[in-house]
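Naming: A, B, ... by sequence-line order, numbering from 1 per chain.
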Amino acid sequence: NAGVTQTPKFQVLKTGQSMTLQCAQDMNHEYMSWYRQDPGMGLRLIHYSVGAGITDQGEVPNGYNVSRSTTEDFPLRLLSAAPSQTSVYFCASSYLTSGSGEQFFGPGTRLTVL
Amino acid sequence: LAKTTQPISMDSYEGQEVNITCSHNNIATNDYITWYQQFPSQGPRFIIQGYKTKVTNEVASLFIPADRKSSTLSLPRVSLSDTAVYYCLVGDLYSSASKIIFGSGTRLSIRP
């Protein structure tokens with residue numbers, strides 16, 4: 001099993017550009033989530049999903065969109081990048097749909113917005 | 001969701017036992033306590049999870065008193081590689097999905 005994979009590993013954007021961060025898992029987990037982590041800070045939940053076709057907002061959803069068309073994939077879209085979105089983004093998945101069970105994290109995407 | 005409070009940082013030496021305490025005064029009846037470890041430039045990694053009393057695995061032990069308002073993660077005989085940030089979370093395993101809150105964690109530094 002590859003676990004949770006994320007692409008790209010690094011990305012530099014200009015203000016106003018849009019892009020999609022990819023996340024995939026091969027563990028057949030229903031729960032998937034996106035977090036951002038700013039330097040020296042903890043993780044903050046952006047969006048989460050409890051299954052295909054079901055998504056909900058987390059703590060800091062503004063400026064981000066998600067969709068879940070398959071169990072495996074949970075892409076995160078930045079609509080119009082801003083410098084405040086410079087961060088490391090982690091995707092995670094979990095067998096339990098509460099999200100409180102063990103979460104498996106991807107390696108992260110380091111995003112810089114100029 | 002129950003909020004957790006942890007020390008911002010802790011220092012220790014190789015070979016020592018390290019105990020990190022987490023306070024969760026408003027923990028709900030069905031909440032479990034979960035600890036994660038995060039190394040620099042990596043995603044968090046699950047360490048241990050428990051509901052009451054004591055849980056032990058090959059990496060750590062988790063001690064939970066009867067009132068469950070706090071918990072202690074115990075790392076036996078730490079090494080330099082245990083230098084990381086440790087997060088304590090509480091949540092109901094079997095409820096509908098909720099917003100998982102990681103908090104700022106405890107930055108553990110191990111010295112030779």
Side chains of A:V66 and A:P75: does their closest heavy-atom pair fall under 4.5 Å? no
Any side-chain donor-acceptor pair under 3.5 Å between B:T72 and B:T21? yes
Would you mind reporting whether A:V60 and A:R36 have side-chain heavy atoms less than 4.5 Å apart? yes
Can a salt bridge be assigned to the pair A:R68 and A:D73 using a cut-off of 4.0 Å between side-chain N and carboxylate O? no
Given that the side chain runs from C-beta out, which part of B:Y87 has a heavy atom under 4.5 Å from chain A: side chain, backbone, both or neither? side chain
By a 4.5 Å heavy-atom criterion (distance strictly below it), what part of A:Q57 contacts chain B: side chain, backbone, both, or neither? backbone
Answer with side chain, backbone, both or neither: which region of B:T34 has an atom nearer than 4.5 Å to a non-hydrogen atom of chain A? side chain
Step through it carefully: locate the ring centre of A:H47, locate the ring centre of A:F74, and say whether they are under 6.0 Å apart. no
Region of A:L96 in contact with chain B, defined by heavy-atom distances below 4.5 Å: side chain
Ring-ring centroid check A:F105 A:Y35, cutoff 6.0 Å: yes
Top of B:G105, B:G43, B:G103 for chain A proximity - count of heavy-atom pairs under 4.5 angstrom: B:G43
Under 6.0 Å from the ring centre and within 45 degrees of the ring axis: does the NZ or CZ of B:R68 meet both conditions for the six-membered ring of B:Y51? yes
Side chain from CB out, backbone as N, CA, C, O: work out which of these in B:Q42 comes under 4.5 Å of a heavy atom of chain A, or both, or neither. backbone
Report which part of A:R44 has an atom under 4.5 Å of a heavy atom belonging to chain B: side chain, backbone, both, or neither. neither
When the 4.5 angstrom heavy-atom criterion is applied to B:L89 and chain A, the contacting part is neither
Give, as side chain, backbone, both or neither, the part of A:V88 having an atom under 4.5 angstrom from any heavy atom of chain B. neither
